[in-house]
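Contents: one structure, followed by commentary.
All values derive from a computational prediction rather than experimental measurement. In what follows, chains are A, B, ... by sequence order, proteins preceding strands, each numbered from 1.
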Amino acid sequence: MSQEKHHIVSYKTHVFVLLALLVLTALSVAITRVELGPLNTAAALLIACIKATIVLAWFMHLKFESRFFTVMVSAVIILFLLVILVTFFDYSYR
Amino acid sequence: MSEANYAHNVSYLDYKGQYKGLLGWIFSTDHKRIGLLYLYTMLAFFSVGAILGLLMKTELIAPGNTLMGPQTYNAFFTLHGIIMIFVIVVPGLPAVFGNFFLPIMIGAKDVAFPRLNLLSWWLYVLGILIVLTSQFLGDGPPDTGWTFYAPYSFRTPANVLPAVFGAFVMGFSSILTGINFVVTIHRMRAPGMTWFKMPLFPWTLYGTAWIQILATPVIGITLLLIVAERILGIGIFDPALGGDPILYQHLFWIYSHPAVYIMILPGMGVISEVIPVFSRKTIFGYKAIVLSTMAIAFVGYFVWGHHMFTSGMSGRALYTFSFLTFLVAIPSAIKVFNWVSTMHKGSLDMQTPFYWAVSFIFVFMIGGLTGLVLGSLATNVHVHDTHFVVAHFHYIVFGGTGFAFMAAIHYWFPKMFGRMYDLGWANLGWGIFFIGFNTLYLPMFFLGIQGMPRRYYDYLPDFHGGNIISSLGAWVMISGIVIIFANLIRSARYGQKTTEKNPWGGKTLEWQVDTPPTLENFEEIPVIEKGPYDFED
Ligand code: HEM
Ligand SMILES: [Cu+2]
């Protein structure tokens, strides 16, 4: 265990990540002012996804773990997306 | 050091740790003791659930009010369903036999997180207690059925909250067990045990564990939404407030359909262990079984809509779900073919576990084939919410999981307790049970096709005949259960002592450790070279 390398993320990176998150938050507020119709929800979700990815990669260290975990986490997220998709498949045709 | 030596030589049953007596059990972090804790808890609550079932069947022996009125019947099938599903079959095989045998079968000394394991059992018991309070608190026992369908579940004056919350707590227990097993399987396999050298029961536990981790949170949130709906009236499911009751059904079955694979996959794992041992033959198509296990675990996520064919889903969703449901039958059929091929030209050793395994295949096939009737839209509309469904799920859930549980306990009993049960009584119990089971549930298919609805305490005189047979079958089956349990309980205390490591001639690791196993299972972790079912030598 002690042999494993512990990657320390520098403060600078953390600050950048924080800034990115703040900017994206501002963006998701701003986008509500633009009239996109149903695409508004899609845009908000897209931004939220980008934010989640950033948090997962840097704050939760996924970027520095072995590929294996990236694959596992992505698989779970894809499964989750599919389940949501199938649910809304019903709604959109009702 | 001497303490450690002591632990190596003494069986886990005799081992004296920090605490004595009962405390030595409920504070034990030994995976084997925790497995037995689950076993005893389940035995107790299965008895309660079975008595409720028996009372329901007795009520149904004749039209009219025989034993109880409608409200009591509603309360009974609700508690019966909650106990049987959330307390017995969902945790069932993984919590008892997974806990006991997973580490041994992969060559480990314990699970990855022994304390978390104990916590799972505590949460489980806590959840049961919470559910039970719903029976006695203020507004009367819940009457929603185990599915808690909206909008009734937040409209009924009955005591739904504790039942829902108890199920929620048990969900946590299930998730923790799942996490524990996934980590154990990833990190603690003995050197040389590659993924494809792992026995099949651990493989099915692995598939199950993933479903537990990924699907259970969905029901957790759904149950919390029911709580919120009842207390705050937020209008997620309530059509009067702009909510959507169909959404509740989506969320509920997104968990509960995969949950039936939580129930059945480990059962299939047990059968895949028992069949080769009693056929003295390497299992046929090991890789096909592994892959079909994972395929079931995956496809099982996308078929939940087949519970909602008559609920008012969109047409496109209907045939999509119907199609996907048919897909999931393929990997299950692959397994059946593998078991049958394994027996083909084997030298069959007719022992109690083998009887259970073969009868498992029989009832599982009936359950599975009638599942296809329910999976096709046209026939489903006809038999939806009739006794046909009740028969189908008892064949699958009770037939499948229950028979596998019996196979497992009769197979591993000598290893677990260091004693042998009486073979004569065990076979007699099996025979009576098997006859009773089929007499109880088979007529329900016909009643369902004739149109007798489920969840009714009363029926038209036309349905009398089938119900008499079915109700008598319930009594026969219960006699079988009593014989089986009496034999096992008595034998666990007074049965013939045995220290023989391998009474059935199995090849997996649990048959190479002491009987009963020592605290740490292995003095030295074995190195694995061969596949798990090498009967060729
Ligand atoms: C021990 C003997 C058993 C008997 C006599 C029995 C009998 C019954 C009866 C009469 C019903 C009500 C059917 C209706 O009115 O709709 C029922 C429902 C049910 N049973 Fe059993 N059962 C037994 C064992 C089991 C087992 C072992 C399980 C679980 C594996 C189980 C799970 C269920 C479930 C989930 C329901 C559905 C409740 C609902 O309608 O939502 N039962 N059973
Ligand atoms: Cu289903």
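Within 6.0 Å of CZ on F172(B) lie no more than 12 heavy atoms contributed by other residues, nucleotides or ligands. Atom CZ of F80(A) has 12 or fewer heavy atoms from other residues, nucleotides or ligands within 6.0 Å. The 12-atom threshold is not exceeded at CZ of F16(A), counting heavy atoms of other residues, nucleotides or ligands nearer than 6.0 Å. At most 12 heavy atoms of other shown residues, nucleotides or ligands fall within 6.0 angstrom of atom CZ in F298(B).
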Requested in this report: Would you sort out whether F321(B) and D90(A) count as a side chain to side chain contact (heavy atoms under 4.5 Å, CB included), showing the intermediate values?
Outcome: CA-CA 10 Å; F321(B) 276 121; D90(A) 169 26; 5.5 Å; no
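Rounded to the nearest 0.5 Å, atoms CD1 (I246(B)) and OH (Y91(A)) are 7.0 Å apart. To the nearest 0.5 angstrom, T87(A) atom OG1 is 4.0 Å from I254(B) atom CD1.
For the pair V76(A)/L214(B), a side-chain contact is recorded, criterion being any heavy-atom separation below 4.5 Å from C-beta on. At a threshold of 4.5 Å between non-hydrogen side-chain atoms, the residues V86(A) and Y301(B) do not count as touching. No side-chain heavy atom of V182(B) sits under 4.5 Å from any side-chain heavy atom of M72(A).
At a 4.5 Å heavy-atom cutoff, L324(B) makes no contact with chain A through either its backbone or its side chain. For a residue to count as touching a neighbouring chain, one of its non-hydrogen atoms must lie under 4.5 Å from one of that chain's; by this rule F68(A) touches chain B with the side chain only. When heavy atoms are compared at a cutoff of 4.5 Å, L247(B) approaches chain A by way of both its backbone and its side chain.
When all heavy atoms of F89(A) and S314(B) are compared, the closest pair comes out as O-OG, 4.1 Å.
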